[in-house]
Student: 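Next up is a structure, given as structure tokens.
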Amino acid sequence: MTRNAAQWADLPRLPEDHYVNSRIYTDPEVFAQEREKIFARTWKFACHESELPLPGDFRTLEHAGIPVVVVRGPDGTVRTFLNACSHRGAQLVTEPRGNSRHFTCFFHLWSYDTKGRCIEITREDGYKQCKLTKDDCGLRSVRTAEKLGLIFINLDDDAEEFDSYAGNALDDLIEPMGTQPMEVFHFHRVLMQANWKQWHETNMELYHEWGHVVNRTTSVAAGGYHERKWKIHPHGHGSLDPLKVEYDKYKGWEGRQDLTLPGLSPGEFRVVDLFPNTTIIIRATTVRIDTSIPIAPGVTLLEQRGLGIKGESSTDRAQRQEHHNQFWGPFGRNLAEDVVFVEAVERTNRHGASRYGIIARHEDLMSQDDEIMRAYYRVWGKYMGASAANPLNKAAHREAHREVA
Ligand code: FES
Ligand SMILES: [Fe+2]
């Protein structure tokens with residue numbers, strides 16, 4: 001089959017913010033720049049405070065390629081540090097989670113407390129001559145903020161405060177997540193063959209609800225579904241007017257009348273998308289938090305959490321878990337379907353079979369309007385200094401088209 005150069009073109013008939021170039025998902029240079037220009041500068045969801053209930057509880061993660069450790073100190077405060085020993089830089093904490101009063105580096109056995117202070121230097125006298133002391137060798141701290149039990153970190157000491165970064169984007173979560181203490185009851189990771197933004201898009205673009213069997217019946221066909229509107233917040237965040245999902249329409253999934261979280265009516269659905277890669281979704285009785293760790297342009301490690309009310313009875317918890325697991329978790333209907341969706345897109349992008357994605361729907365900001373994604377990519381473009389339609393320089397871009405034509 002002869003390739004027609006025009007067919008490979010980047011949709012010149014559309015305004016530049018109405019489509020994205022597939023290279024934003026596949027190009028190693030774009031990926032490297034995202035780490036430096038976005039992930040190293042924006043607030044990243046790290047974990048829920050209930051995952052660190054006791055002094056000394058810690059979790060490790062990687063952010064923008066940098067290993068960090070989040071730990072609750074003896075004073076109850078959650079702090080974050082670069083997970084790198086101050087001596088020769090060995091990764092200090094190697095377990096994904098645990099509890100410890102101090103961290104001892106396995107290389108030359110320097111030790112640190114949970115406030116990041118260096119408390120032990122092996123044969124410290126050897127440093128007397130150059131006057132290096134423990135006080136000089138604490139762990140490098142990372143900015144940490146807590147909101148509604150959600151813990152966020154930022155590698156950039158000069159970044160704006162979390163409250164100003166989030167603005168009003170979290171307002172819809174204040175009642176359901178801020179009235180009673182909550183806790184994580186479900187945690188799993190999915191290593192998917194897709195770019196991190198493709199996952200975030202599935203959480204933003206509700207047009208794809210047509211692809212979810214259950215959503216077609218319980219949501220898209222529900223009264224008021226198309227009329228509710230997106231709220232586009234500064235900094236690339238978005239939230240959506242609530243919807244009453246009609247669970248009773250799907251046989252076997254009826255009866256979500258009980259255990260509704262504070263401030264919601266039975267069946268109510270809310271969603272908040274936070275730039276660049278965190279989404280909080282509430283389905284009346286249970287909360288899901290998605291956040292991803294970009295591994296490579298086409299490889300993403302998704303972390304997914306499920307939350308319920310702390311201290312509730314085992315009967316209530318079992319019911320809430322069932323509600324959660326019907327849609328989410330490894331065997332939930334929607335999560336598995338979403339992985340199939342994004343991996344299908346990634347497969348064609350990877351080898352240049354698909355060169356763009358269209359985000360051109362206009363529906364007066366109602367549910368399936370793509371403005372939420374256009375707003376997201378405008379912010380992405382500001383951080384990157386290039387539009388998502390043309391993420392690399394134009395000359396190189398044209399050259400690439402000639403190669404395949
Ligand atoms: S690198 Fe950690 S003690 Fe030497
Ligand atoms: Fe989905």
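The structure displayed is predicted, hence computed values, not measured ones. Start at 1 and go down the list; that is how both ligands and their atoms are numbered.
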Student: Say whether, by atom type as modelled, one donor and one acceptor occur between the side chain of R97 and the main chain of F58 under 3.5 angstrom.
Tutor: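 Side chain of R97 to backbone of F58: no pair is present.
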
Student: Hey, can you tell me if H324 and W328 have their rings parallel, tilted or perpendicular (30° and 60° cut-offs)?
Tutor: perpendicular

Student: Tell me whether E51 contacts the main-chain N or O of H48 through its side chain, where contact means a donor paired with an acceptor under 3.5 Å.
Tutor: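 Looks like yes, one N/O pair under 3.5 Å.
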
Student: Ignoring waters, how many N, O or S atoms from the protein are under 2.8 Å from atom 4 (Fe) of ligand 1?
Tutor: 2

Student: Which atom name does H212 have for its N/O/S atom nearest to the Fe ion (ligand 2)?
Tutor: NE2

Student: Measuring to the Fe ion (ligand 2), does E209 have an N/O/S atom at a distance below 2.8 Å?
Tutor: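 For E209, the answer is no, given that no N, O or S atom comes within less than 2.8 Å of the Fe ion (ligand 2).
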
Student: In terms of side-chain geometry, is the basic nitrogen of K231 or D273 positioned less than 4.0 Å from the acidic oxygen of its partner?
Tutor: no

Student: Should the pair Y165 and F162 be assigned to parallel (<30°), tilted (30 to 60°) or perpendicular (>60°) ring geometry?
Tutor: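 Tilted, since the angle between the ring planes falls between 30° and 60°.
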
Student: Please report, to 10°, the angle around the Fe ion (ligand 2) from atom OD1 (D338) across to atom NE2 (H208).
Tutor: 90°

Student: Answer yes when E34 and K197 have at least one side-chain N-carboxylate O distance shorter than 4.0 Å, and no when they do not.
Tutor: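 Salt bridge: yes.
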
Student: Measure up the Y127 and H87 rings against each other and bin them: parallel (under 30°), tilted (30 to 60°), perpendicular (over 60°).
Tutor: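 Taking H87 first and then Y127, their aromatic rings stand perpendicular (interplane angle over 60°).
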
